[in-house]
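Input: a single structure, listed below in structure tokens.
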Amino acid sequence: MTVRWDEVADGVYARRYREWDLTVGLVVGDGACLVIDTRANAEEGAELAGAVREVTPHPWTVVLTHDHFDHSFGVPAFLPCEVWAHENCHRELAARGRLALPDRLLSDRAELHVGGRRVELVHFGPAHSDNDVVVHVPDASVVFAGDLVEFAPPGSFTAESFGTDTTLGGWPGALDGVLGLGAEVIVPGHGAPVDRDFLVAQKEILRRLITLDSAVRAGELDAAAAIAASPVAEDVTRAALRLG
Ligand SMILES: [Zn+2]
């Protein structure tokens, strides 16, 4: 896989990496740009910063889609600059001793102006993590969804999609929130851009996992039966339902 910028709409780019199949974003306005996620460490962040400079010389602002290291630990390569994130992202990164912390925090919504382009940052409640932020570029009909959306062929989830900080029950509603933004192109946190139908299908998978989870918690299903009835692979089901 060649690492390159994919222009998904006018002045809006996605860049997909071999490492964790991570996908980062870039929005270029008139005299300013916005970098969405930073890769996993200072060295990888420096590579990304250099790649941004191949596209635009404009000063950048950074937004973090959530605190997970593969998205957030490359921040030092971009400083000094404004770094936007959810307030819980700041808490998590500070708890892990990170020195390069976001300094522009939101709880629900924020609106940025990136060189004349309006960009919305929205948190739809706890889902993949408790600090997922999506980045909506209305004039381009694009939304960067972070790990609320992952495209990992042939399925839409991996075991890594579900962590101890995941709120399974909140995830379908968060996807409804993303769909409600109305964007046609959805850039996931991992993998290639997807369309709205993909999110609808992903929501259905999550609903079925939530139903199985409830049945397991209620003692109506054992782990083996839940795995057999699951729409996703065993390792993914185990992670989502915390079956160990
Ligand atoms: Zn994540």
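Whatever order the structure lists them in is the order used to number ligands and atoms, beginning at 1. Nothing fancy with the numbering, it's 1 onward along the sequence. Source: prediction; values computed, not measured.
Between the side chains of His71 and Asp147, at least one donor N or O sits under 3.5 Å from an acceptor N or O. For the 3.5 Å distance criterion, the side chains of Ser161 and Glu150 qualify, holding a donor opposite an acceptor.
Distances from the Zn ion (ligand 1) show that His128 has an N/O/S atom below 2.8 Å. Among the atoms of Asp147, an N, O or S atom falls under 2.8 Å from the Zn ion (ligand 1).
Residues Arg98 and Glu92 are not paired through a salt bridge, judged by the lack of any N-O separation under 4.0 Å between the basic side chain and the carboxylate.
Take the Zn ion (ligand 1) as the corner point: the lines to NE2 of His66 and to ND1 of His68 open at 90°, to the nearest 10 degrees.
Of the inter-residue distances, the one linking Thr61 atom OG1 with Leu34 atom CG reads 6.5 Å to the nearest 0.5 angstrom.
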